[in-house]
Asker: 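Take a look at the following structure, please.
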Amino acid sequence: MANQDDNLLKKIIAHAKEYGFIFPSSEIYDGLAAAYDYGQNGVELKNNLKSFWWKAMVQMNENIVGLDASIFMHPTTWKASGHVDAFNDPMVDNKDSKKRYRADVLIEDHIAKIEGKINKEVDKAAKRFGDSFDKEQYLATNGRVLGYQSEIDSINERMKNAIESDNLADLKTLIEDLGIADPVSGSKNWTDVRQFNLMFSTELGSVADGASKIYLRPETAQGIFVNFLNVQKTGRMKIPFGIAQIGKAFRNEIIARQFIFRMREFEQMEMQFFVKPGDEMQWYEHWKNTRIGWHKLLGLGEENYRFHDHLNLAHYANAACDIEFNFPMGFKELEGIHSRTDFDLKAHEEHSGKKLQFFDPQENKSYVPYVIETSIGLDRLFLAVLTAAFTEETLTDGSERTVMKIPAAIAPTKVAVLPLLKKDGLPEKAREILDELKLDFNCTYDEKDAIGKRYRRQDAVGTPYCVTVDHQTLEDNTVTIRDRDNLQQERINISELHARVSDLVSVTSLLKKI
RNA sequence: GCGGGAGUAGCUCAGCUGGUAGAGCGACAGCCUUCCAAGCUGUAGGUCGCGAGUUCGAACCUCGUCUCCCGCUCCA
């Protein structure tokens, strides 16, 4: 089964490239790992996804407004957000086994071993003393146990100091002093401890000397937080309100794989919703429901979604869940919904010295709002669409076709206009229709090859409707309109065409259901 | 980074024990066709990932190197 799913992802990747959705980055130079370019069809689909999200979030909610913050931000932003500290991992390699470990994890494992020894002592003692055994007292008094405990405490102390002072050499010395061996090779032959920062840094300022190091944002959210006051004041926003943003973010993943699922450069669609402290759980539930509802509207199949509630919460959250999608690799995170408390705004208050508060006239007092975040990976959403849309099917006549069943509202091309034959004035008539439709819809024209072949070509890129001009068109101004998914054709008057197409491909009909 | 696999036309691949590159599909031009791919004719497209070595001669053998894919290690 895993094999089959692998094949599905491979097929999707191949199809996406073959039909101009996604190309490997810099392909003529052998490509760049985990970077991809969106081709002529990909960019249309991506724009449509953005637009559907933006309309659902901003246009449909009078208390949500948009923002487009800079990717470059003041370096202190990332200190405040916790990324400079939490996004750093001290890594160490074993020279013999060539395995890489997190230095702090190695030390913690060592501590766990000592704790194991304590537990053994306790077990032994419990047997010895029987019912009269008092664990607390034993732990507090037994000499051997106390020895172990003080060992643990001193290791913890040294590790904490080393990490906090960024002293990687100390960390290595600690590993050596403890005699920690690689669990794989048993070797104690370690490299120096190195810091891996998952944020991309670059130089601001063209003169190397005067340049200062800044980061490419690892999430778009901070651009929203630092603009909280600007937007709240200039937009006269009242709590609760939200700020939405679509933009690129960058993370230096150690491995970035699985096509566009995990890239180092990716695009997020985030909305931070500011609420009164105490109301956050209610709003958390509200956005969980609203967001899953949005996904289901998109029409990729309700059975392909599920929630995954987080048990281990990040440093800033008091509740968090993922909306997972059934990708070829299995159910994986597509969107995250987090209750971020007042962590971010408070942190920015502390680092900036500015008050990031809202004056609540009802309560007659100011407070730092709590935040509910909805954050969806646009590229992952794109992959979800490809996954759900990619279909290989056998038709009733026994022939096979590959069709992208992309929901009409987000399909790259809405209508293909096709003259049945490339003669008898049919192309001219078709062009007339095309010129009319293209004012409002993304259209394409094709007169090459047999009509059946042209239908299949449109199926492959997910064009939901094909309008075919035949000889009857010249007599009574009717055309056939073909449905991509069920292959049904209907003959309608050209004058009805615009309204009909508009109805079929409109985002409006989706938005109405929100 | 380690281990494994793979790089030949746009795609899928063939190419024998070394003799100087092919097929199908696709694309393009045209013919034929009044409605669901695979009818006909023609055209374009490859320094066989890159570099070196062995050889009279390398897509093929040797070494190096790069890239991609899969697995492992990390991930707010």
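Proteins come first, then strands; the chains are lettered A, B, ... in the order of their sequence lines, and each starts at number 1.
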Asker: Of the candidate nucleotides B:C35, B:C69, B:U33, which contains the atom at the shortest distance from the side chain of A:Lys423?
Answerer: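 Between B:C35, B:C69, B:U33, the one nearest the side chain of A:Lys423 would be B:U33.
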
Asker: Starting at atom NZ of A:Lys17, determine the distance to atom C1' of B:U12, rounded to an integer number of angstrom.
Answerer: 12 Å

Asker: Please measure how far the C1' atom in B:G42 lies from the corresponding atom in B:C32, and state the result in whole Å.
Answerer: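 Each nucleotide's C1' atom is 15 Å from the other's.
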
Asker: I'd like a list of close polar pairs between nucleotides 24-30 of chain B and the protein, N/O only, cut-off under 3.5 Å.
Answerer:
{"unit_1": "B:A27", "atom_1": "OP1", "unit_2": "A:Arg457", "atom_2": "NH1", "d": "2.8"}

Asker: Looking at residues 464-478 of chain A, who's got a heavy atom less than 4.0 Å off RNA chain B?
Answerer: A:Thr468, A:Asp470

Asker: Do NZ/NE/NH1/NH2 and the carboxylate oxygens of A:Glu219 and A:Arg340 come within less than 4.0 Å?
Answerer: yes

Asker: Looking only at N and O atoms, is any donor in the side chain of A:Arg482 or the base of B:C36 less than 3.5 Å from an acceptor on the other one?
Answerer: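 It does, because a donor-acceptor pair links the side chain of A:Arg482 to the base of B:C36 below 3.5 Å.
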
Asker: In whole Å, measure the gap between the P atoms of B:C35 and B:U47 for me.
Answerer: 43 Å

Asker: Starting from Watson-Crick (N1-N3 plus N6-O4 or O6-N4) and G-U wobble pairs under 3.5 Å, report the runs of at least three that RNA chain B belongs to.
Answerer: B:1-7 with B:66-72, B:10-13 with B:22-25, B:27-31 with B:39-43, B:49-53 with B:61-65

Asker: When you compare B:C11 with B:A38, how far apart are their C1' atoms, in angstrom units rounded to a whole number?
Answerer: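 One C1' to the other, the span is 15 Å.
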
Asker: Closest approach to the side chain of A:Gln489, judged atom by atom: which nucleotide of B:C75, B:U33, B:C35 is it?
Answerer: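 Looking only at heavy atoms from C-beta outward on A:Gln489, the closest nucleotide is B:C35.
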
Asker: Whole angstroms only, please: what is the CE-P distance between A:Met329 and B:C70?
Answerer: 10 Å

Asker: Roughly how far apart, to the nearest Å, are B:G7 and B:C60 at atom P?
Answerer: 12 Å

Asker: Looking at A:Glu447 and A:Arg454, is any side-chain nitrogen of the basic one under 4.0 Å from a carboxylate oxygen of the acidic one?
Answerer: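 A salt bridge is absent here (no side-chain N lies under 4.0 Å from a carboxylate O).
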
Asker: In whole Å, measure the gap between the P atoms of B:G19 and B:G57 for me.
Answerer: 15 Å

Asker: Would you measure the distance from the C1' atom in B:C68 across to the matching atom in B:C31 and give it in whole Å?
Answerer: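 After rounding to an integer number of Å, I get 43 Å for this pair.
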
Asker: Is a salt bridge present between A:Asp459 and A:Arg401, judged by a nitrogen-to-oxygen distance below 4.0 Å?
Answerer: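 Here A:Asp459 pairs with A:Arg401 in a salt bridge, since their nearest N and O are under 4.0 Å apart.
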
Asker: I want to verify a distance call: between B:U33, B:C36, B:C35, whose nearest atom is closest to the A:Leu395 side chain?
Answerer: B:C36

Asker: For the pair A:Phe225 and A:His348, name the ring-plane relationship: parallel under 30°, tilted 30 to 60°, perpendicular over 60°.
Answerer: tilted

Asker: Say you pick atom C1' in B:G10 and the same atom in B:G46; how far apart are they, in whole Å?
Answerer: 12 Å

Asker: State plainly whether the residues A:Glu490 and A:Arg500 are in salt-bridge range, i.e. N to O under 4.0 Å.
Answerer: yes

Asker: To the nearest Å, how far apart are A:Ile13 CD1 and B:C69 P?
Answerer: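 Distance check: A:Ile13 CD1 to B:C69 P gives 8 Å.
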
Asker: Looking at A:Lys11 and A:Glu392, is any side-chain nitrogen of the basic one under 4.0 Å from a carboxylate oxygen of the acidic one?
Answerer: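 A salt bridge is present here (some side-chain N lies under 4.0 Å from a carboxylate O).
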
Asker: Kindly point out which of B:C36, B:C11, B:C69 is positioned nearest to the side chain of A:Leu487?
Answerer: B:C36

Asker: Between A:Ile292 and A:Phe307, is there a side-chain heavy-atom distance shorter than 4.5 Å?
Answerer: yes

Asker: In whole Å, what is the span from the CZ atom of A:Arg262 to the P atom of B:C69?
Answerer: 14 Å

Asker: Whole angstrom is fine here: how far is it from CG in A:Asp459 over to P in B:C35?
Answerer: 18 Å

Asker: Rounded to the Å, how far apart are A:Gln488 CD and B:C35 P?
Answerer: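 These atoms are roughly 17 Å apart.
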
Asker: Could you check whether A:Arg217 makes a cation-pi contact with A:Phe72, meaning its NZ or CZ is under 6.0 Å from the centre of the six-membered ring and within 45° of the ring axis?
Answerer: no

Asker: Tell me whether A:Asp379 is salt-bridged to A:Arg262, with the criterion being a basic N under 4.0 Å from an acidic carboxylate O.
Answerer: no

Asker: Write down the distance between CD1 (A:Ile451) and C1' (B:C32), rounded to a whole number of angstrom.
Answerer: 15 Å

Asker: Let's go through A:Arg491 and A:Gln472 carefully: what are the C-alpha distance in whole Å and the side-chain angles of both, what is the deciding distance for side-chain contact (heavy atoms from CB on, under 4.5 Å) to 0.1 Å, and is it a yes or a no?
Answerer: CA-CA 10 Å; A:Arg491 184 167 281 278; A:Gln472 192 181 332; 3.3 Å; yes

Asker: Do A:Glu428 and A:Arg431 sit within salt-bridge range, that is, some charged N less than 4.0 Å from a carboxylate O?
Answerer: no

Asker: Starting at atom OH of A:Tyr455, determine the distance to atom C1' of B:C36, rounded to an integer number of angstrom.
Answerer: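 That distance rounds to 7 Å.
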
Asker: Check A:Lys288 with A:Asp309, please: is the shortest side-chain N to carboxylate O separation under 4.0 Å?
Answerer: yes

Asker: In whole Å, what separates the P atom of B:A37 from that of B:A27?
Answerer: 15 Å

Asker: Between A:Lys46 and A:Val43, is there a side-chain heavy-atom distance shorter than 4.5 Å?
Answerer: no

